Amino acid sequence: MAEKKRFTEIDALRGIAAIVVVLYHYIVFYDEKFGHIKENYIDILSFGHYGVQLFFIISGFVIYMSVLKVKSTSDFLTKRAIRLYPTYIFAIIVTFIVVGISSVDTLKAGVADMFINMTMFQDFFGVKNVDGVYWSLRVELTFYLLMALLLIFNLQRRVMLFTGVWLAASALIQITNGLAGNETTALIEKFSMSNYCQMFIIGIMFYYIWQHGNHLKYHLMIALSLIYDFSFEGFTNGLFTVFFITVFYLVLNNKMQWLKSDTLVYLGALSFPLYLIHQNIGYVIIQKLESLGYVHEVFLVVPLGISLVLAHLILHYVEKPSHNVLFKLYKERQTAMLNVSR
């Protein structure tokens, strides 16, 4: 069966999720962390952190698509690194400088922390994140390492076996932590990403439905993942997962054509730099505005606008150029190695 082309609705969904997360951080999370000066500040989007869950479902879909296309484990990991690290490292440097010259001491990280952050493994070392949103990169990295293991053992096409074992193992980890509840079991639960595995599995199943049709086994795995979500992550989390699943079913059945809007698709292209750059820099801007008396919610347009402009600049002057150069070098290296082996 021929591989179907990637559809733009996925990119648009990523863009919408990014904006929802940004507004959640500026409205709700900022209020929890610092407190908005204005009384009765709007509290819409208090559910906005669930946007990260949608990111994980999309990641399951898109990353598994790339796993099935790569030539080797090193090919997969190299391509992931090229896509992520240039943008990520640039965002770290900008955030570190802006927060460093600000008066918001609680957000500041040390120089050593900044350099360790550049590895993307800071959470594993217990090092402070330069920006709070980087916690989700640990979850993504764990997923990539799991995908690398699949490639090493050539199990990437045994998708039902792999996802079934993953879900069962994650359930065992959560049950063990629930019963024992000690520091070790809590760390295993955290670093095994058992709180989020169901999201990635749902994304993988939707990729298979998109490629291979409505086979019952894929829908059953989605149902199992949903039961897992309600059981371990709570009722509200489960309801949002139901909503995201519904959206994906509608997208796959061409019922959400409005997502193909050029604006939304471009927002999707901005989503990675926007996600990386918005939080702490936005907090610095909001705190400065409020200290100058600009306390009304309407002034959120300032940090949002600045974050979007920064994301646009990073996309066009960091992300795209670095991808072009690095992918070209990687392709040339692969060709040279192929010629040597002949």
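Quantities reported herein were computed from a predicted structural model and do not represent experimental measurements.
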Exercise for the section: Output, in order, the C-alpha distance, side-chain angles, deciding distance and verdict of side chain to side chain contact (heavy atoms under 4.5 Å, CB included) for Thr87 and Ile314. Expected result: CA-CA 7 Å; Thr87 306; Ile314 292 169; 3.8 Å; yes

Practice task
Let me see the working for Val104 and Phe34 under side chain to side chain contact (heavy atoms under 4.5 Å, CB included), right down to the final yes or no.
Solution key: CA-CA 10 Å; Val104 192; Phe34 302 104; 3.7 Å; yes

Exercise for the section: List the steps, then state whether side chain to side chain contact (heavy atoms under 4.5 Å, CB included) holds for Thr241 with Glu233. Expected result: CA-CA 10 Å; Thr241 305; Glu233 302 309 317; over 6 Å; no

Handout entry: Candidate pair Phe232 and Tyr228, rule ring-ring contact (aromatic ring centres under 6.0 Å, His included), full reasoning
Key = CA-CA 6 Å; Phe232 294 110; Tyr228 179 100; 4.8 Å; yes

Practice task
Apply the test side chain to side chain contact (heavy atoms under 4.5 Å, CB included) to residues Val284 and Ile281: give CA-CA distance (whole Å), side-chain angles for both, the deciding distance (0.1 Å), then the verdict.
Solution key: CA-CA 5 Å; Val284 168; Ile281 291 175; 5.7 Å; no

Exercise for the section: Carefully, step by step, assess Phe240 and His49 under the rule ring-ring contact (aromatic ring centres under 6.0 Å, His included). Expected result: CA-CA 11 Å; Phe240 274 95; His49 58 288; 7.8 Å; no

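Applying the 6.0 Å contact sphere to CZ of Phe115 captures no more than 12 heavy atoms from other residues, nucleotides or ligands. Enclosure of atom CZ in Phe153 is not indicated, since only 12 or fewer non-hydrogen atoms of other residues, nucleotides or ligands lie within 6.0 angstrom. Within 6.0 Å of CD in Glu32 there are more than 12 heavy atoms belonging to other residues, nucleotides or ligands. Lys108 NZ: more than 12 foreign heavy atoms inside a 6.0 Å radius. For Asn182, the CG atom is densely surrounded, since the number of other residues' heavy atoms within 6.0 Å is greater than 12. Within 6.0 Å of NZ in Lys255 there are 12 or fewer heavy atoms belonging to other residues, nucleotides or ligands. For Tyr317, the OH atom counts as loosely surrounded, since its 6.0 Å shell holds 12 or fewer non-hydrogen atoms of other residues, nucleotides or ligands.
In terms of hydrophobic clustering, with Ile, Leu, Val, Met, Phe, Trp and Tyr side chains grouped at heavy-atom distances under 4.5 Å, Phe230 and Phe243 are assigned to a common cluster. Side-chain heavy atoms closer than 4.5 Å link hydrophobic residues (I, L, V, M, F, W, Y) into clusters, and following such links, possibly through other members, connects Leu187 to Leu141. Both Ile93 and Val133 are assigned to one and the same hydrophobic cluster, defined by single-linkage of ILVMFWY side chains at heavy-atom distances under 4.5 Å. By the rule that hydrophobic residues join a cluster once side-chain heavy atoms approach within less than 4.5 Å of another member, Phe47 and Leu239 end up as members of one cluster. Under a hydrophobic clustering in which Ile, Leu, Val, Met, Phe, Trp and Tyr are joined whenever their side-chain heavy atoms come within less than 4.5 Å, directly or via other members, Leu329 and Ile89 fall into different clusters.
Two residues are said to be in side-chain contact when any heavy atoms from C-beta on lie closer than 4.5 Å; Tyr208 and Tyr64 meet this criterion. Using a 4.5 Å cut-off on side-chain heavy atoms (C-beta onward), Leu150 and Arg158 make no contact. Annotation: side chain of Trp135 is in contact with side chain of Asp123 (closest heavy-atom distance under 4.5 Å). Proximity of His278 to Leu310: side-chain heavy atoms (C-beta onward) are nowhere separated by under 4.5 Å. Using a 4.5 Å heavy-atom threshold, the side chains of Ile19 and Leu274 count as touching. For the pair Leu270 and Leu308, the minimum side-chain heavy-atom distance is below 4.5 Å. Between Leu224 and Thr163, the closest side-chain pair of non-hydrogen atoms is not below 4.5 Å. In this structure, Ile16 and Leu259 have side chains that are in contact, with non-hydrogen atoms separated by less than 4.5 Å.
The aromatic rings of Phe124 and Phe121 sit tilted, their planes meeting at an angle between 30° and 60°.
Note that CG of Leu276 is 9.5 Å distant from OG of Ser271, once rounded to the nearest 0.5 Å. The line from CD1 of Ile204 to CD1 of Ile209 is 12.0 Å long, rounded to the nearest 0.5 Å. One finds the CD1 atom of Ile173 at 8.5 Å from the SG atom of Cys197 (value rounded to the nearest 0.5 Å). In this structure, Tyr85 OH and Ser322 OG are separated by 14.0 Å, a value rounded to the nearest 0.5 Å. One finds the OG atom of Ser291 at 7.0 Å from the CD1 atom of Ile37 (value rounded to the nearest 0.5 Å). With rounding to the nearest 0.5 angstrom, the CD1 atom of Ile58 is 12.0 Å from the CD atom of Gln53.
Between Tyr249 and Phe206, the ring centre distance stays below 6.0 Å.
Each of Phe272, Tyr134, Tyr275 was scored for a ring-ring contact (aromatic ring centres under 6.0 Å, His included) with Tyr88, with one residue passing: Tyr134. When each of Phe299, Tyr26, Tyr30, Tyr294 is tested with His36 by the rule ring-ring contact (aromatic ring centres under 6.0 Å, His included), just one qualifies, namely Tyr30. Only one option out of Glu332, Gln334, Arg333 pairs with Tyr330 in a side-chain hydrogen bond (donor to acceptor under 3.5 Å, both in side chains); it is Gln334.
For the residue pair Ile286 and Pro303, the shortest heavy atom distance occurs at CG1-CG, 3.8 Å. Closest approach of Ala17 and Leu54 over heavy atoms only: CB-CD2, 3.9 Å. Listed here is the closest heavy atom pair of Glu290 and Gly35: OE1-O, 4.2 Å. Here the closest heavy-atom approach between residue Glu297 and residue Asn40 is recorded as OE2-O, 3.8 Å. Closest approach of Leu68 to Arg157, counting heavy atoms only: O-NH2, 3.4 Å. Closest approach of Asn280 and Asp131 over heavy atoms only: N-OD2, 2.9 Å.
No donor-acceptor pair closer than 3.5 Å links the side chain of Arg80 to the backbone N or O of Ile63. With hydrogens and angles disregarded, no donor-acceptor distance shorter than 3.5 Å links the side chain of Thr95 to the backbone of Ile92. When atom types are taken as modelled, the side chain of Asp11 and the backbone of Val265 share no donor-acceptor pair closer than 3.5 angstrom. Not a single donor-acceptor pair under 3.5 Å links the side chain of Asp229 to the backbone N or O of Ser225. Proximity of a side-chain donor or acceptor of Glu319 to a complementary backbone N or O of His316 within less than 3.5 Å is not detected.
Counting only N and O atoms by type, the side chains of Ser59 and Glu140 include a donor and acceptor under 3.5 Å apart. There is no side-chain donor-acceptor pair under 3.5 Å between Tyr283 and Gln287. Counted by atom type alone, Gln122 and Asp113 present zero donor-acceptor pairs between their side chains at under 3.5 Å.
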